[in-house]
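The structure appears below as structure tokens.
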Amino acid sequence: MIDLAVNIDHIATVRNARGFVEPDPIQAALIAEKAGASGIVCHLREDRRHIQDKDVFALKDAVNTKLDLEMAASEEIIDIALKVKPYLVTIVPEKREELTTEGGLDIYHHKNRFKDLTKRFQDKGIKVSYFIEASEDQIYTAAEIQADIIELHTGHYAESPNAIIRQHSLDMLITGGKIAHSLGLEVTAGHGLNYYNIIPIKEIPGLIEVSIGHALISKALFVGMESAVKDMLKLLS
Ligand code: PXP
């Protein structure tokens, strides 16, 4: 069984369209947990396009499983994260113009910076995950800087234009998972995963959890949050 962390950012996207209180991301998180989600993920972006600061604090109080705060390594957001004290922070690259996170974070070329950041969070009892490509350099660096978890970027796999490229991307994820697992890192995966492409992802060695947002919230619009989570959990079992 692979666990499912539910990203509720796009509940806030819909709420923000009217700038009022509905739909409520906290309520979505609680329904997802009741349906079996192992954790709740939100991304406090620098432009605050969906999740707002008050959401993160409210989620920290409300979430009964694990709150994973996705974030860029900017001082402003680091300060907020240290105040919120989520169970976990996932450090991601962030560009203002992007529609969603576009690639893995380069920790290999910024080893010292991320080593310090890892320690800053771990000293406050917050686990640290890095969202990286399944490349040996990045994975060995994650172990070297003593990250707790790596989240393998599945975007290339999910967006593959054909079966050959898709298989190649999957093979890279499988190799990456094997290396990370052998180094003692916990392995999770996410980005672009949906009800149609999730099954092969289960082949990644040591994979303990996937993080899914857009596909799940899209389905929830038609069948409700509880069914959307349960249907994904069936595929993951
Ligand atoms: N993992 C990370 C690090 C992400 O940035 C995102 C997108 O916010 C996801 C997982 C979820 O991706 P999706 O919305 O495509 O399921």
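Counting convention: from 1, in listed order, for ligands and their atoms alike.
- In terms of polar-atom proximity, E70 is counted as a contact of ligand 1, with an N or O under 3.5 Å from an N or O of the ligand.
- No heavy atom of A215 sits closer than 4.0 Å to any atom of ligand 1.
- Both the sub-6.0 Å distance and the 45° axial angle are not jointly satisfied by K127 relative to the ring of F121.
- Nearest-heavy-atom check against atom 1 (N) of ligand 1 across R45, E151, H191, H214 picks out E151.
- Close approach of ligand 1 to N7 is summarised as follows: ligand atoms under 4.0 Å from at least one heavy atom of the residue are 8 (O).
- Residue G192 has at least one N or O atom closer than 3.5 Å to an N or O atom of ligand 1.
- A side chain to side chain contact (heavy atoms under 4.5 Å, CB included) with H43 holds for exactly one of V56, D68, L69, D9; it is D9.
- Near F131, meaning under 4.0 Å from any of its heavy atoms, are these atoms of ligand 1: 3 (C).
- Annotation: cation-pi pair R15/F20 absent, no NZ/CZ under 6.0 Å from the ring centroid and within 45° of its normal.
- For residues 198-233, the ring pair (Phe, Tyr, Trp, His ring centres under 6.0 Å) pairs, not counting sequence neighbours, are H10-H214.
- Applying the salt bridge (Lys or Arg N to Asp or Glu O under 4.0 Å) criterion to E75, with sequence neighbours excluded, gives R120.
- Set against the non-hydrogen atoms of V92, the atoms of ligand 1 under 4.0 Å away are 3 (C).
- No N or O atom of I212 sits closer than 3.5 Å to an N or O atom of ligand 1.
- Classification of E159 and R166 as a salt-bridged pair fails, no side-chain N sitting under 4.0 Å from a carboxylate O.
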